[in-house]
Amino acid sequence: MTSVDFTHKAVEMIDVVKKFGDFTANDRISLTVHRGEVHALLGENGAGKTTLMNCLYGLYRPTEGSIRVNGQEVVISDPNVAIGHGIGMVHQHFKLVEPFTVAENIVLGLEPTKALGLLDLAEAQRQVAEISERYGLAVDPQARIEDISVGSQQRVEILKALYRGAEILILDEPTAVLTPREIKELITIIDNLTSEGKSIIIITHKLHEIKQVADYCTIIRRGKFIDRVEVDKVSEHELAAKMVGRDVSFSVTKNKVVRGDRALAIEQLVVRDNRSIAAVDRLDLELYHSEILGIAGVDGNGQSELVEALMGLRPVESGKVLLKEQDITNHTPRRMISDHRVCSIHEDRQKRGLVLEFDVAENLILETYGRAPFSHRGVLDHGEIYRFGDQCAENFDIRPRTTTQQAKALSGGNQQKVIIAREVSNNPDILIASQPTRGLDVGAIEYVHQALLEQRDKGKAVLLISFELDEIINVADRIAVIFEGRIIGIVDGAEADENRIGLLMAGGTA
Amino acid sequence: MSRLSVSLKEKFLNGALSITLMSVLFGFLLGGIIMLLAGFNPLEAYWVIIKGIFSRPKYVSYVIIYSTPLIITGLSVAFALRTGLFNIGAEGQYIMGALAAAAAGYYLKLPMVLHVLAAVGLAVLVAAFWGGLAGWFKARFGVNEVISTIMLNWTALYISNWAITIESFGRQGTGKTYAIQPSAHIDIVGQWKRTPEGIAFLREHPMLWDILKSPVNLGFIFALLLAALVWYILNKTTLGYELRAVGHNPQAAEAGGISVQRSMVVSMLIAGGLAGAAGAFQVLGVSHRIATLAIMEGYGFDGIAVSLIGNNSGPGCVFAGLLFGALKYGGSKIQDVMGAPTEVINIMIGIIIFFVAMPKLIRMILAYRKRREQS
Amino acid sequence: MESYVNDIAFIIGTTLMYSTPLVYAAVGGVITERSGIINIGLEGMMYFGAFVGAAVAYFTGDPWMGFLCAGLAGASLGLLHAIATVSFSAEQIVSGIAINFLGVGFALFISRLVFDGATQTLTVPNKIPLPLDFLFGEGKLFVSAGFMDLVFNRFATVYLAFLLVFVAWFVLYKTSLGMRLRAVGEHPEAADSLGISVFKIRYGAVIASGFLAGLGGAAMSIAVVSRFSNTLISGHGFIALAAMIFGKWKPQGALLACLIFGGAKGLEIFMGAKGVPIPSSLLATLPYILTIVILVGWVGRSQPPASIGKIFDKGEN
């Protein structure tokens, strides 16, 4: 925080406009970052943060407005130009070539070569080792990307930018995939970098992180510039209000409900991932009616594989899944849904949740098309299907109301409403929700949380899986922490302590 | 009813139909330019083609006969494609169907209608197996269906050629099989038109006579019925719903409880059966036998073109099949009349598919025109 | 004993002969698919190349000129495929189908124009030479029709094919160009964000694959045989495609797969010549069934380049 050099403007973006066809993603946004400053770019999902930074990095050309780097007006036509001006970017979804090594990924596009364009990989590894040491970013240059942790992958991304001589580093949602401990390490790295005179722009929607690391913060909402503030002078609450445009309370009002009977028991479950590694490793868990059980944990600790195994989408290698007393291990997805009444809101709504090319009504019957009233003896009843669709659109506030619209034409929040409408209408006993609020704006997030609580209040058993610890603490009645495929601690929601859960998430003992 | 008109309107606005029509236009335009470059008058060539299609009842009848197998193999390709599978194997499935129909038509002794049903049924079964095999390889072993169906095409071709060498089946030295029995024919008045009474009657009715000079048969009617069936299965049944869901997004379909593997096999079984029916109708209605194949006849490959031009729908395949059949038949005339290579038709078809593959380009052209009109 | 040795030499010789055209096309396939573009138009490219190679060799009398022009003919179709798939986000398989229609169409269209309405060329005056021919014969280093002659006295295209595999391997794995090309096929967004032009690399790769497939066609029409006919390239492009897949998208793997396929063909011809009591038509199915068996057996789930067939669109306008 002491390293900011106010005499030197590293980046100035002035009245930048970016349009995609008729849609204006950025509407006259300005941003100034000084040398040695950590600058946060705050906004909800879809506010236009990443678009703005893609303009700075040359992935998009701004429709209007100008950009200055170190006081010079520049035109950044592609990433090469950005790199030439000392700008580097770490994307939210890492852009790493999985089968390549760390060193290969870092030097790609700027490879040390000998005669005839012959690669000099030894030299590449030497250079990578050198910068990684200089900035305290520990990586193994010879390891393959697919074999290293998410935290290491992020360090590779940062090294990629530093290798190209970046003085200005853009980090897009850098903490989304990190454990609390890795976040601490990242903050140390950021301090190292700013003390060397580098400027950092962090794209985020997490308020407490801004308070932790940033000097200044620019807030944008729906593509428009809202404010630029000095972080020390505002509260988290004020930041939130500026981001959302109204006063928001992040705590959820919960009715008191008495926990019911046991709905599901998982015993010593082992499930292998696509690389045949035991992603779920002797996991035990019990789920009760009238409760929301939250599973906290960092991405990649077996959550996806657990859900897939519970839904019959991935084979269970050993262990048992018991519904009441019945063993339902490795039953087909159809049986899980129809016979055992287990429904799931999957983590990736575009991949698992929806057939984007189908219209809304067709998506609403994805699990029930084979039964009356939607079909009789294998023939669909379109009258019933669209009547049901219209009814769902009304009850679940799906916009637009026309259910002949393809699902891909809907916003993320409305796509999620379609899925929730489908799963809830199917009246399950057990509802699994994985990352149900990912990528949604605040209004939609509140809607989803309310829907889950309603299900709990109706006596259903709800399993909520999320990488956002705040969400779990707010919504869940009980919190189980998953680490490397095992539940390593269960705490009561009412007494949950963020630090303690954070420690568990990183594999520590509480 | 209102939903139907809405969906028709959407189709127009989304541009599926306008993209196809534009592509066909480009095909004719560029095909004309190529003929011009080669020193032929394209207008004359198109006139020859049009005359070759419409100027005599016989020609129209031939176009329909040419189109019949193309429509059905087109349906086969379209059906698989709706499940996300590229059935390059319609060719081999067609060959297997033709072989089975020729064998059943020759060996079985059955009364008339029954014989046809048995021959077509056997052809559909054998070809469905041939197609289903590729579906199973994909579902069970993850083998890319494009590769496996290509290999199955050649295997089918050589099996068919081998069968013709069997002594009781093939007429030795001719490279052909014995003709199937008349009880298995689906020709329309095929026998009667050669009897003295038939000839006498037809002399009085020259137009009918002209039509019956071509091997008129029931195949086209069956093709239309199959197109309707394909449309019905895909759009109105739970099976079609499952197959389309798998075609668009197998992971979501699986999560919804649909068995993706089963859908792949079922889809390829049906696609194979369709292509087999095409082969059967061709044998029972037109050729009445099969012959040794030096190379692929191309019905399956042309079916891919028909399916793509017909936007992978039942009705679309009928129109695209008729277009393709007409071009193939009418196009053969420019060789004799003008000495212009008939293969310009292949080039035109290639160009049409090329543009069908690029909806983005066509949308850009349409948008550009709109903008110019506005300003 | 002697006859067995010669039998083996005969099989090896025919294997090399039949594999070679496939090797060119399969290596072309490796290059384009490694950059992320599916090319099922290899067949049409080979077809057009085979015709142009034979036609040019016929008119100029120079087989090498024919060989080069065959490559250019294939490359021109590659350019079309690249325009569709790279610039206009075309469905890659559909565009490939179009290329197959165009390749056949152009070849036969031009053939009819210049060869008097025929769908085949006349016999070329000079085939691709046998570069080691001077070593064999009376009083030379090796006797003619001996083991060495049958195996090693091959057309220059055979040796070039092996050289090509080595060069392709070297470029793909040892040079920065190859590393960039592989990166583009695995993760185009990553390559793009590092300033590598996905556009240029993919154009280059698809055109190169067309060039190589064209050479493969000529290796058939002016080396294995001495003229183009409309039945010459019946399915070889598709077989090259299969070879590429079961060679796991590697030049050396594709070579091996082509040799296996050619070997099955060689065995088929040998058994036919020896009068083995299996009908020749059934023997002819051997290479195809073998391919399926190999795919089903152990290569089915091999991993293609991660971005293959996916449209890369920068989202700009």
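The chains referred to below are lettered A, B, ... by the order of the sequence lines, with proteins before strands, and numbering in each begins at 1. These values consider heavy atoms only, across backbone and side chains, with no hydrogens, waters or symmetry-generated copies.
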Does B/Q172 have more than 12 heavy atoms from other residues, nucleotides or ligands lying within 6.0 Å of its CD? yes
If I measure from the heavy atoms of chain B, does C/L286 come under 4.5 Å with its side chain, its backbone, both, or neither? neither
With the side chain counted from C-beta on, respond yes when C/N100 and B/F301 share a heavy-atom pair under 4.5 Å apart, and no when they do not. no
Over all atoms of both residues, closest heavy-atom pair of B/A357 and C/S95: CB-N, 3.8 Å
Between B/F354 and chain C, which part of the residue has a heavy atom less than 4.5 Å away: side chain, backbone, both or neither? both
For residues 155-164 of chain B, please give each side-chain donor-acceptor pair under 3.5 Å, one per line with the distance, not counting sequence neighbours.
residue: B/T155; atom: OG1; partner: B/M151; partner atom: O; Å: 2.7
residue: B/N161; atom: OD1; partner: B/L293; partner atom: N; Å: 2.8
residue: B/N161; atom: ND2; partner: B/L293; partner atom: O; Å: 2.9

Examine whether an atom of B/D302 lies under 4.5 Å from a heavy atom of chain C, and if so say whether it belongs to the side chain, the backbone or both; otherwise answer neither. both
One option among C/N230, C/I99, C/L113 has the most heavy-atom pairs under 4.5 Å with chain B, and it is C/L113
Quick one: side-chain hydrogen bond (donor to acceptor under 3.5 Å, both in side chains) partners of C/T14, sequence neighbours excluded? none
Pick one of side chain, backbone, both or neither for B/L152, based on which atoms fall under 4.5 Å of a heavy atom in chain C. both
Closest non-hydrogen atoms of B/G350 and C/A98, given as atom of the first, atom of the second and distance, are O-CB, 3.4 Å
Check this for me: C/F270, atom CZ, are more than 12 non-hydrogen atoms of other residues, nucleotides or ligands nearer than 6.0 Å? yes
Honestly, the part of B/F355 sitting under 4.5 Å from a heavy atom of chain C is neither
Output for pair (B/I150 CD1, C/E43 CD), nearest 0.5 Å, gives 8.5 Å
Contacts with chain B made by residues 231-241 of chain C (heavy-atom distance under 4.5 Å), listed by residue number: C/T231, C/S234, C/G235, C/F238, C/I239, C/L241
Would you sort out whether C/I292 and B/F137 count as a side-chain contact (heavy atoms from CB on, under 4.5 Å), showing the intermediate values? CA-CA 9 Å; C/I292 292 178; B/F137 289 152; 3.5 Å; yes
On a heavy-atom basis, the closest approach of B/M358 and C/A84 is SD-CA, 3.4 Å
Side-chain contact, heavy-atom cut-off 4.5 Å: B/I353 with C/L102? no
Starting from the C-alpha separation in whole Å, work towards a yes-or-no answer on side-chain contact (heavy atoms from CB on, under 4.5 Å) for B/Q335 and C/R112. CA-CA 10 Å; B/Q335 188 83 47; C/R112 284 201 199 256; 3.3 Å; yes
Where on B/M364 is there a heavy atom nearer than 4.5 Å to chain C: the side chain, the backbone, both, or neither? side chain
Given side-chain contact (heavy atoms from CB on, under 4.5 Å), test B/N346 with C/L108 step by step and report yes or no. CA-CA 9 Å; B/N346 289 51; C/L108 298 181; 5.7 Å; no
At a heavy-atom distance under 4.5 Å, which candidate from C/T291, C/L282, C/I40 has the highest pair count against chain B? C/L282
Specify which of C/I110, C/T85, C/I93 makes the most heavy-atom pairs with chain B at under 4.5 Å. C/I93
Taking every heavy atom of C/G105 against every heavy atom of B/E343, the minimum-distance pair comes out as O-CB, 3.9 Å
Tell me, do C/F101 and B/I304 make a side-chain contact under 4.5 Å, heavy atoms counted? no
pair B/I347-C/F109: side-chain heavy atoms closer than 4.5 Å: yes
Contacts under 3.5 angstrom, residues 258-265 of chain C side chains, donor-acceptor by atom type, not counting sequence neighbours:
none

Separation between CZ (C/F88) and CZ (B/R363), nearest 0.5 Å, reads 13.5 Å
Is B/I295 in contact with chain C via its backbone, its side chain, both, or neither, using a 4.5 Å heavy-atom distance? side chain
Proximity breakdown for C/S111 and chain B, heavy-atom pairs closer than 4.5 Å: neither
